[in-house]
Amino acid sequence: MHVTFQTVMASAALICDSEPWKDLKEHVNAIEKTHLRDLMNDVERCQSLMIEIDGIHLDYSRQRVRLDTMEKLLKLAEVAAQLKQKIGRMYNGDHINSTENRSVLHIALRAPRDKVICSDGKNVVPDVWYVLDKIKEFSERVRSGSWVGATGKALKDVVAIGIGGSFLGPLFVHTALQTDPEAADCARGRQLRFLANVDPVDVARSISGLNPETTLVVVVSKTFTTAETMLNARTMREWISSALGTQAVAKHMVAVSTNLMCCSFPVVEMRAEEQSNGLVEKFGIDPANTFAFWDWVGGRYSGDPNAVCSAVGVLPLSLQYGFPIVEKFLNGASNIDNHFYSGSFERNLPVLLGLLSVWNVTFLGYPARAILPYSQALEKFAPHIQQVSMESNGKGVSIDGIPLPFETGEIDFGEPGTNGQHSFYQLIHQGRVVPCDFIGSIKSQQPIYLKGEVVSNHDELMSNFFAQPDALAYGKSPEQLLEDNVPDHLVPHKTFSGNRPSLSLLLPSLDAYNIGKLLAIYEHRIAVEGFIWGINSFDQWGVELGKVLASQVRKQLHLSRTKREPVQGFNFSATTLLTRYLEVHLRAATPPRLPSPHLSTVLTGLLVLLLLLFLVSPFGALSASLLPLSPNTRSVASLPLLFSHRILLSEEFLIFGYWVWLMSFSELKDRHVAATAMVNTLRDRLNQKRQQLLDTDVAGYAKSQGRTAVNFSSTDLVCCRTLQGHTGKVYSLDWTPEKNRIVSASQDGRLIIWNALTSQKTHAIKLPCAWVMTCSFAPNGYSVACGGLDSECSIFNLNSQVDRDGNLPVSRVLTGHKGYVSSCEFVRDQDTRLITGSGDQTCVLWDVTTGQRISVFGGEFPSGHTSDVLSISINSSNSNMFVSGSCDATARLWDTRIASRAIRTYHGHHGDVNTVKFFPDGQRFGTGSDDGTCRLFDMRTGHQLQVYSQQQANNDQDVPIVTSIAFSISGRLLFAGYSNGDCYVWDTLLAEVRIIQLVH
């Protein structure tokens, strides 16, 4: 049977009802009549308020206490709070964390091997050392290079994923050790980074400059269910598997958790539900590479079960600095554990500090505390203590659940000196009273002595360490200012009231041993505060409510983004903000507005005037009609496209532009019909002139320029490779020139990856889908996506190991479409973004890393397609824009930042739009349809620029449907495949056939 706080204190009164407490309340009146200027003149008092323990010097003479104040505080601790008994219960393993029915044994994490510390009647120290020995063995293998990554390279970089105590504690120790000479020498050539925030910016910073081949990821999560930690873990898993394959996860990821499928630690006993969950193994991490910790480290105190001294901190720190350095840190903490348990309260560092905090917070009414280390190595100490203290003692009820009539907990903050002096010291000197902890060291980790300087760099720093406490204590009176001849009007501004409490901790050095002692002093100090106040410092229910509400918001965001459901179930304020947030993300950045009609037409008229001067001459006309002369003249070849399709040249058009300039917008609207007819007439006249020039003098002009005109024939396209292997119709192809790979998708349910140079199959993937309709390479060429009749899109990593049948494992399945997946394409330069089109009349933008839908295009929106989406094409110049073709005989332009509506709809076809493809310049796109035609559209204006039809070319009344199209690199040639096996090559400028090749 265990003795719990609830049993001991069920009938006990609150400590504020005790006589020692009441005595201290009355004593406050006497202290209010004193000033630290006077108290500091009492030498005997100052000597009594200084102690030194194992090289650490504590000076609390600048606290607003007298000797009798300390006697009263000690009486409060011993008699009213029964502090000695509570410390004994903690060390004996009693379940003093009554709300969670747990022991509080963070001291066991750094206890010597021969120490006996029991929980539930069992000595837990052997369990601790089993894990520590395993960490030592594993870290030595990694550091020595005997444990290597999937590609055989040594793992020299570590990313530790965790949040709260899993992050702040290890980060503090890591930062403190980075500049310690001994530790830095052991860490040479290695990196340790921490990933805590779910913000993708933190992910980007954590992996910046790292190579997956040399990176080891440590995932720290007690239950392997913490939302932020697990999302970051999945992100890092995808980062590794996308580069090295899914099999690499076991070599590049380890875990610190209690959630194991089966316990590989013979002396570690876990609860049955934790053993059965097995989320670590399900995640893909080998349980043998999982390091255990336990639930008997109370609450967020000492960093929760996520204690710095458990595997949470010891594993990543040992990988960085080696286990011997970390063991020194543990020994330092253990030294203070013994001091706290056995030392008399009058000379007990944690007890004295804890009592002073209670005095300042509850009796003097100072709610905050500034932690001011005069060492840059301790820059992360204040954030860590802030988390330990405020999550442990931020309570409003006693351990029995009784509301407290007094204040508990401190608002902790801090910054290393002298940085803090130029940040918030103004407030603590002349604004609010904030008790301060000054922390310094006698020896610097990195001493610098410059010739000719009065003092060393460290002495300059420590000069401020010694001066600031006196400045706070003494201040400067108006009388002193007048004696210094300060002008009267400045005296109020330069007056320092003083009487502001502080204490000073002076350490001999900042090596691993002393860093461990410093951490343990503050850990036990926080426990003392909780023991005195009568609260439970070892649970943290206050963090739960926000998580529950965040879960509701998360569900709403998912529904709003995927199903367009309105925000509901929240109060007015939250509903308004959520709606605004969703609107901005869906709308994103709207396309830039065109200039006003007047300015636009003025600029157009001026441009036309300049181009007309060039093109009306024979030279200009000829240059506007020449075919591409060589691969080196692609820019010349693209010039006639600009002239013929974007600018209409004639004297009448110049006059028309001048009219537009003078007219109002309403007048312009009235003349729209007449202007359209005029433009069509001008286009016809221009085409006639250009055709005449082509028929007469193309060869002559080319000769005059020293070039040879290009003449195409049916032999210009020669089949250089035949890829054989499919047993059904091939419906889709893609090519990645960087890797010389071709992927083909077929009706036979297979996806085949080919070597473009050798025609050899490198991968043959059999999919559960009986009909694979589309495939696409990722920009890096390492991943390929495919979709078909099963309404899913599968992602494969080509670096993954194949199984016995030669199949690749699926690295990600994108589910959500309600119809077949007809098309897919990776967003250029973004391996993590994919767009799919489907028979459910929608297109979807996916995050391949998470498998989540980012945006849905079409569907219930009026501007969406009204029938199956058959094809998509992403703009090469602007990856935010893509076009889709559908069975509704239209093509539609979409902006990924504005999913709620199509930007533009393009009409003209009289049958299904089977294929769409952007022109190389990104300003136009081509389509192919069941009506047997290909068409070229202007993306911005919606105008149909050209129609390419076999009826025009061959006078053939039975025209086959167009199944696929592609443009040449310059865009001059349009390749069109037809259902009868023909492949036509069209001149996009002249709308005439240049080559006809029978493919089958």
Side-chain angles (χ1 to χ4, degrees), residues 99-100 160-169 171 194-206 219-238 257-259 277 279 282-283 295 299-301 303-306 312 383-384 386-397 409 411 538-586 588 816 846-847 849-856 899:
T99 60
E100 296 177 315
I161 303 175
I163 200 166
S166 304
F167 157 64
L168 292 168
L171 177 62
F194 294 89
L195 173 56
N197 200 329
V198 74
D199 189 333
V201 172
D202 202 14
V203 177
R205 290 176 176 175
S206 297
V219 183
V220 179
S221 178
K222 177 186 176 184
T223 62
F224 245 62
T225 59
T226 304
E228 303 97 326
T229 298
M230 295 317 300
L231 179 55
N232 280 335
R234 291 190 294 272
T235 303
M236 292 300 296
R237 180 179 64 184
E238 183 64 25
S257 179
T258 61
N259 224 328
N277 284 340
L279 295 182
K282 291 178 181 178
F283 184 83
D295 63 4
R300 288 302 187 264
Y301 174 79
D304 190 35
N306 319 328
V312 170
H384 175 52
Q386 179 186 69
Q387 184 263 339
V388 177
S389 173
M390 296 174 71
E391 278 205 333
S392 297
N393 290 339
K395 310 294 169 59
V397 298
I411 302 171
F538 313 110
D539 62 14
Q540 62 288 331
W541 302 110
V543 304
E544 299 301 322
L545 179 58
K547 292 181 178 180
V548 173
L549 297 180
S551 177
Q552 298 172 7
V553 175
R554 187 183 302 115
K555 292 178 182 177
Q556 179 64 61
L557 292 175
H558 175 72
L559 292 173
S560 296
R561 292 191 186 282
T562 58
K563 298 183 179 180
R564 308 301 175 187
E565 292 191 7
V567 177
Q568 55 188 1
F570 300 89
N571 59 48
F572 177 79
S573 177
T575 300
T576 303
L577 288 176
L578 278 169
T579 303
R580 174 62 177 164
Y581 173 78
L582 288 165
E583 285 177 351
V584 170
H585 275 255
L586 292 175
W846 302 85
D847 186 328
T849 303
T850 63
Q852 298 297 312
R853 290 187 291 185
I854 299 173
S855 299
V856 179

Acceptor/donor pairs from residues 566-573 side chains to any protein atom, 3.5 angstrom cut, sequence neighbours excluded:
from	atom 1	to	atom 2	distance (Å)
N571	OD1	S573	N	3.2
N571	OD1	A574	N	2.7

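- When all heavy atoms of V856 and R561 are compared, the closest pair comes out as CG2-O, 4.3 Å.
- For the side chain to side chain contact (heavy atoms under 4.5 Å, CB included) test, residues two or more places apart in sequence or in another chain that qualify with L168 are P383, H384, Q387.
- The minimum heavy-atom distance linking S206 with F194 is given by the pair OG-O, 3.5 Å.
- Of the options I161, I163, V219, a side-chain contact (heavy atoms from CB on, under 4.5 Å) to N232 is made by I161 and by none of the others.
- Of the possible donor and acceptor atoms, one in the side chain of S257 sits under 3.5 Å from a partner among the backbone N and O of S221.
- Contact record, E391 with K395: O-CE, 3.9 Å, taken as the closest heavy-atom pair.
- Within the model, atoms OG1 of T229 and CZ of R234 stand 10.5 Å from one another, a figure rounded to the nearest 0.5 Å.
- The distance from atom CD of Q552 to atom CG of L557, rounded to the nearest 0.5 Å, is 12.0 Å.
- Residues passing the side-chain hydrogen bond (donor to acceptor under 3.5 Å, both in side chains) test with S389 are D412, sequence neighbours excluded.
- What you find for R554 and A227 is that their closest heavy atoms are NH2-CB, 4.0 Å.
- In plain terms, the two heavy atoms of L195 and M236 that are nearest each other are CD2-CG, 3.9 Å.
- The CD atom of Q540 sits 14.5 Å away from the CE atom of M390 when rounded to the nearest 0.5 Å.
- Atom CG of residue L582 and atom CD of residue E565 lie 12.0 Å apart, to the nearest 0.5 angstrom.
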